[in-house]
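Following: one structure in structure tokens, then a few remarks.
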2 protein chains.
Amino acid sequence: MSQLKVRVVSRSTLKRLPLYLHLLESLADQGLQNVSCTQIAEKFDFDPTQVRKDLEATGEVGTARIGFRTVSLIVKIKEFLGWNNAHDAFLVGAGNMGKALLGYKDFDRYGLNIVAAFDKDTRKVGSRIFNREVLPLVKLPNLAKRMHINIGIVTVPAEYAQEVVDLMVVAGIKAIWNFAPAPLKIPEGVILENARLTQSLAVLTNNLTKVLGDDGKDLEKN
Amino acid sequence: MSQLKVRVVSRSTLKRLPLYLHLLESLADQGLQNVSCTQIAEKFDFDPTQVRKDLEATGEVGTARIGFRTVSLIVKIKEFLGWNNAHDAFLVGAGNMGKALLGYKDFDRYGLNIVAAFDKDTRKVGSRIFNREVLPLVKLPNLAKRMHINIGIVTVPAEYAQEVVDLMVVAGIKAIWNFAPAPLKIPEGVILENARLTQSLAVLTNNLTKVLGDDGKDLEKN
DNA sequence: CCGCTATCGAGAAACTTATATCGAGAAAAA
DNA sequence: TTTTTCTCGATATAAGTTTCTCGATAGCGG
Ligand SMILES: NC(=O)c1ccc[n+]([C@@H]2O[C@H](COP(=O)([O-])OP(=O)(O)OC[C@H]3O[C@@H](n4cnc5c(N)ncnc54)[C@H](O)[C@@H]3O)[C@@H](O)[C@H]2O)c1
Ligand SMILES: NC(=O)c1ccc[n+]([C@@H]2O[C@H](COP(=O)([O-])OP(=O)(O)OC[C@H]3O[C@@H](n4cnc5c(N)ncnc54)[C@H](O)[C@@H]3O)[C@@H](O)[C@H]2O)c1
């Protein structure tokens, strides 16, 4: 096997790293040369040990009493996340969410470069959204192969998500970022990541329900 | 203390419930009266026991050999998540992401009803987006109080997120759904939930990096 | 009617993740 | 120079989450 530069870490650690990265970038902008786990932890109300363990995943080592070199830690986190070079991606479903993603300026900093959009709505095909062409779905397989596209973004209604994913898989796409609230099946070897906004919303509304229920003002009328 | 209808469960459980709910709704549409944890688990490649434990949180009880009554389980999950009655919400930042959220048809099914948008861009103020008025930010505090708005959605650039949140807190908003990648401070008693797309993206690109690195084609040149 | 099997619910065990403790090193203060 | 303090990294402990095991129950097939 080849040398593993990227070590395996928990999903929880993986999801905290972008938080640190953001903070570090703004600290670097402010000219801060070094940063300690204690400082980072304070910003997020995390345990400093946790931050230290998370950063360990990147391979960067700190020094006692000083902490970590800000810029070099930024580079290591980006490398670890695969954000040092942007991956080209195709987006399918140029609707509300699709447009928002196409219009997001910062994705290049997050390792993502959406190069084209696809839609089955003939009124949308041929138009340009934030300077990306909207193409008919039939063109996806050939183009994806020719352009060596690894990432596919799914922003179609839930009922069409599986067929879009199947098409992406056939087209050789290796990683799928799905926004549709549907349980998708993919073959082994393909990566599926669901960006489920409703999960986040569920946590919010459940907590709110508990709070409103507790002081008994708004909910008791049910 | 008042009777606690909503029991405390782990965040992980809470985030799986919307997945089940979606599936159950489509099963109910197909006329399926009963559903077992085994069936649900198969769809998501989860452990059946985990599904059973998750559903326990809702208070619904199943019967041996039969499972759960689909419709009644749906109702219980929605109650538990606070999705049975939609909460009115204000959205601040009528940009790309803000528009996508305003245009999302299904939020009423997820306990959310965005009633107005706010922006500081004077060119946007006064316009209508998906039939919701875009108002100047100064109107937020009074309106929020008058309309008893509990939920605030933050879709402004990261550097303005904290000031928007502060304004919402002053306006009596109790729960904040934040899309900006910034670590926000809120007073005790206010609920903050971050919908961080970049975290999800980080998992995807990290996994992709590992896969691409393994078969040694694309990454070894580093 | 009587096993057989699918399923629930409860409790135990295994696993994962988070937090606490401690020694060592490095800068700052005395 | 010596002491103090901060921080890292390693290890140990605790907490949380998932998976396994098992007895009970309700329909199904013989
Ligand atoms: N808009 C949001 O805020 C939001 C939030 C959470 C989840 N989502 C999810 O994201 C997805 C898209 O939502 P939206 O609001 O953008 O919907 P939308 O209706 O605005 O856009 C869907 C787009 O997909 C296209 N499409 C439909 N079937 C297609 C197919 N088979 N192949 C190619 N294109 C196809 C349509 O023409 C349309 O342009 C949905 O699954 C939705 O549940 C959206
Ligand atoms: N668009 C995406 O796909 C996407 C993805 C992930 C995260 N985000 C985050 O969501 C937020 C919004 O992103 P976007 O792409 O919609 O940006 P955008 O620039 O399109 O929209 C931002 C909007 O906020 C308004 N605004 C700025 N400062 C304000 C203030 N102080 N008060 C009120 N309104 C203000 C602007 O006028 C603009 O309309 C950002 O924090 C971004 O990082 C967006």
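These numbers come from the heavy atoms of this one structure, side chains and all, not from hydrogens, waters or symmetry mates. Protein chains get the first letters and strands the later ones, always in sequence-line order, with residue 1 at the start of each.
If you run side-chain contact (heavy atoms from CB on, under 4.5 Å) between B/I176 and each of B/I153, B/V92, B/V154, only B/V154 comes through.
When all heavy atoms of B/A180 and B/A158 are compared, the pair lying nearest together is CB-CA, 3.9 Å.
A donor atom on one side chain and an acceptor atom on the other are found under 3.5 Å apart for A/D54 and A/Y20. In the model, B/N113 has a side-chain atom that pairs as donor or acceptor with a side-chain atom of B/D88 under 3.5 Å.
Without hydrogens or angle criteria, B/T198 side chain to B/L201 main chain gives no donor-acceptor distance under 3.5 Å. Listed for the A/N206 side chain is a donor-acceptor partner under 3.5 Å among the backbone atoms of B/F80. A/N207 places a side-chain N or O within donor-acceptor distance of the main-chain N or O of A/V203, the cut-off being under 3.5 Å.
We find that CZ of A/F68 is positioned 18 Å from P of D/dC6, with the value rounded to whole Å. Here the P atom of nucleotide D/dA14 and the CD atom of A/Q50 are 18 Å apart, to the nearest Å.
Scanning for salt bridge (Lys or Arg N to Asp or Glu O under 4.0 Å) contacts around B/D166 gives an empty result, with sequence neighbours left out. Partners of B/A175 under the side chain to side chain contact (heavy atoms under 4.5 Å, CB included) rule, at least two apart in sequence or in another chain, are A/L204, A/L208, B/I151, B/I191.
Judged as a ring-ring contact (aromatic ring centres under 6.0 Å, His included), the pairs with a partner in residues 178-210 of chain A (not counting sequence neighbours) are, in order, A/W177-A/F179. Judged as a ring-ring contact (aromatic ring centres under 6.0 Å, His included), not a single pair has a partner in residues 181-205 of chain B (not counting sequence neighbours). Applying the side chain to side chain donor-acceptor pair (under 3.5 Å) test to every pair with at least one member in residues 63-75 of chain B, sequence neighbours left out, gives these pairs: B/E60-B/S72. Applying the side chain to side chain donor-acceptor pair (under 3.5 Å) test to pairs two or more places apart or on separate chains, those with a residue in residues 181-194 of chain B are A/S200-B/E193, B/R11-B/E193, B/N178-B/N194.
Using a 4.0 Å cut-off on heavy atoms, none of the residues of residues 18-28 of chain B approach DNA chain D. Residues from residues 32-49 of chain A that place a heavy atom under 4.0 Å from any atom of DNA chain C, listed by number: A/D47, A/T49.
Taking every nucleotide of DNA chain C with any atom under 4.0 Å from a non-hydrogen atom of chain B, the first and last of them, 5' to 3', are C/dT5 to C/dG11.
Across its full length, the helix from C/dC1-D/dG30 to C/dA30-D/dT1 shows an angle of 0° between the axes of its 5 terminal pairs at either end, rounded to 10 degrees.
Annotation: A/F46, atom CZ; neighbour count of heavy atoms from other residues, nucleotides and ligands within 6.0 Å is above 12.
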Considering only distance and modelled atom types, tabulate donor-acceptor pairs under 3.5 Å from the side chains of residues 22-29 of chain A, sequence neighbours left out.
residue, atom, partner, partner atom, Å
A/H22, NE2, A/Y110, OH, 2.7
A/E25, OE1, A/R109, NH2, 2.5
A/S26, OG, A/L23, O, 3.0

Inset, instruction - Sugar-phosphate means primed atoms, P, OP1 and OP2; the rest is base. With that split, encode nucleotides 22-30 of chain D 5' to 3' as B, S or - using protein heavy atoms under 4.0 Å. - result: ---BBB---

